[in-house]
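Data first, discussion second: the structure below is written as structure tokens.
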Amino acid sequence: MRNKFASQSPVNVTLNNVTTCIEEVNEYVYLGRLLNHNNELEPELHRRRRAAWAAFNNIKNTTDALSCPRIRAQLFDSIVLPALTYGSEVWTFTQALSERVRVTHAALERRLVGISLSEQRQRNLHREDIRAQSEVRDPLLVIKKKKLGWAGHIMRRNDGRWTRLVQEWYPIGEKRPVGRPRMRWCDSLRKEISLFDGENLETHWSTIAKDRMAWKAVIRDHIR
């Protein structure tokens, strides 16, 4: 894949005196995550949802046979939840996309405790009631913890990697496109973690993240 700033000439690779032209694509899977040209998260979320259901179907007979809710929840959280949240530390999460994750997890949770959606509505059960029966972890809190952990990890790097450089880079001489800008990975961190004195930024989240102990305290405060 390439953006508008990259050269449009074909890319050739020579190996053992054989030259191969690298195929140009709009998306590909790298380390288990789907990357696409427009940096859209929806296709990857669709893959995560299918992976979570596949993981759950593999353990459904076992969870049905378990009588202890805590052991059943531990099995669910160790197999199904990682399939649903894989790679989520680098997701740019909007409210709509987070709702999709919550809805998928809620459907899995109902199947875990053996309650259908129609039965839940007939019995007027709220999702907290289902959670009390399932005892599983909140997927959105798991994602938030993974994101905060990853953010602290990359900001404490001192080896010149791009993962940190792109967070500190500001374009010069370029104008912002017309319209509302797309939400970026770090926007939620700036809003929730950075310290403000009124409207003025006092301490940026990246500065806090460079202190390991201070960042651990931030994670504890936000994951409850």
Side-chain angles (χ1 to χ4, degrees), residues 29-34 41-154 156 185 188-189 192-193 209 212-224:
V29 176
Y30 179 68
L31 297 179
R33 180 174 183 246
L34 180 67
L41 185 56
E42 179 61 34
E44 173 60 12
L45 274 182
H46 183 63
R47 295 179 71 249
R48 292 296 101 222
R49 289 154 62 189
R50 288 189 301 171
W53 276 108
F56 179 76
N57 290 331
N58 287 334
I59 64 170
K60 184 65 169 64
N61 293 336
T62 304
T63 56
D64 289 344
L66 290 173
S67 58
C68 178
R70 179 171 297 179
I71 297 177
R72 184 180 61 189
Q74 289 176 349
L75 183 63
F76 182 93
D77 288 340
S78 63
I79 296 178
V80 180
L81 191 56
L84 180 62
T85 62
Y86 177 79
S88 57
E89 55 265 49
V90 296
W91 289 355
T92 301
F93 236 20
T94 62
Q95 187 65 34
L97 294 177
S98 63
E99 182 66 13
R100 289 177 181 269
V101 171
R102 191 198 63 77
V103 168
T104 300
H105 188 269
L108 290 162
E109 205 172 347
R110 286 193 300 269
R111 285 286 299 275
L112 180 67
V113 299
I115 297 178
S116 65
L117 180 59
S118 59
E119 184 179 357
Q120 179 185 359
R121 290 172 175 171
Q122 289 174 0
R123 296 169 57 182
N124 196 26
L125 297 175
H126 200 263
R127 62 171 177 259
E128 280 78 11
D129 301 320
I130 305 295
R131 181 63 49 80
Q133 297 182 44
S134 68
E135 299 185 14
V136 298
R137 301 171 66 189
D138 188 328
L140 299 184
L141 286 182
V142 170
I143 292 173
K144 189 172 186 178
K145 183 177 181 180
K146 293 175 67 174
K147 181 173 182 177
L148 290 175
W150 175 246
H153 178 68
I154 64 173
R156 288 190 295 272
W185 176 83
S188 60
L189 296 174
E192 298 176 16
I193 311 299
R212 183 184 295 272
M213 298 308 298
W215 195 247
K216 285 185 176 181
V218 167
I219 295 177
R220 287 195 300 267
D221 291 341
H222 284 77
I223 309 300
R224 291 180 177 177

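Keep in mind that what you see is a predicted model, and the values were worked out from it rather than measured. FYI, side chains are in, hydrogens and waters are out, and symmetry mates aren't considered; it's all heavy atoms of this structure.
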Who pairs with H46 by ring pair (Phe, Tyr, Trp, His ring centres under 6.0 Å), at least two apart in sequence or on another chain?
->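 Partners of H46 by the ring pair (Phe, Tyr, Trp, His ring centres under 6.0 Å) criterion come out as none, since no residue qualifies.
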Go through the structure and list residues passing ring pair (Phe, Tyr, Trp, His ring centres under 6.0 Å) with W91, not counting sequence neighbours.
-> F93
Who pairs with [X] by side chain to side chain contact (heavy atoms under 4.5 Å, CB included), at least two apart in sequence or on another chain?
| X | result |
| --- | --- |
| A54 | none |
| E109 | H105, I130, R131, S134, V136 |
| L117 | R110, Q120, R121 |

Can you confirm whether [X] sits close enough to [Y] that some side-chain heavy atom of one is under 4.5 Å from a side-chain heavy atom of the other?
| X | Y | answer |
| --- | --- | --- |
| F76 | T63 | no |
| L97 | E42 | yes |
| T92 | L41 | no |
| L148 | I193 | yes |
| R123 | I115 | yes |
| S188 | K147 | yes |
| V80 | L75 | no |

Taking all heavy atoms of [X] and all of [Y], pick out the closest pair and write down the distance.
| X | Y | answer |
| --- | --- | --- |
| A151 | W215 | CB-CZ2, 4.0 Å |
| F56 | L108 | CB-CD2, 3.8 Å |
| E135 | A73 | O-CB, 3.4 Å |

What residues, two or more places apart in sequence or in another chain, satisfy salt bridge (Lys or Arg N to Asp or Glu O under 4.0 Å) together with [X]?
| X | value |
| --- | --- |
| R47 | E44 |
| D64 | K60 |
| K144 | E192 |
| R102 | E99 |

Checking R48 side chain against A83 main chain: does a donor-acceptor pair fall under 3.5 Å?
-> yes
Write out all pairs satisfying salt bridge (charged side-chain N to carboxylate O under 4.0 Å, His left out) with one or both partners inside residues 66-90, taking only residues at least two apart or from two chains.
->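 Every pair satisfying salt bridge (charged side-chain N to carboxylate O under 4.0 Å, His left out) with a residue in residues 66-90: E89-K146.
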In sequence, state the C-alpha distance, the side-chain angles, and the governing distance for Q74 and L66, and then conclude on side-chain contact (heavy atoms from CB on, under 4.5 Å).
-> CA-CA 11 Å; Q74 289 176 349; L66 290 173; over 6 Å; no
Exceeds 12 heavy-atom contacts within 6.0 angstrom, atom CZ of R212 |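 Check fails, neighbour count at 12 or below.
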Please say whether more than 12 non-hydrogen atoms of neighbouring residues, nucleotides or ligands are located less than 6.0 Å from CZ in R137.
->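 Atom CZ in R137 is not crowded, with 12 or fewer foreign heavy atoms closer than 6.0 Å.
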Between CG on residue D138 and NZ on residue K145, distance to nearest 0.5 Å = 13.0 Å
Apply side chain to side chain donor-acceptor pair (under 3.5 Å) to E128 and list each qualifying residue two or more places apart in sequence or on a separate chain.
->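 For E128 the side chain to side chain donor-acceptor pair (under 3.5 Å) partners, ignoring immediate neighbours, are H126.
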Can I get a per-line list of side-chain donor-acceptor pairs under 3.5 Å for residues 216-223, giving both atom names and the distance, sequence neighbours left out?
| from | atom 1 | to | atom 2 | distance (Å) |
| --- | --- | --- | --- | --- |
| D221 | OD1 | R224 | NH2 | 3.2 |
| H222 | ND1 | V218 | O | 2.9 |

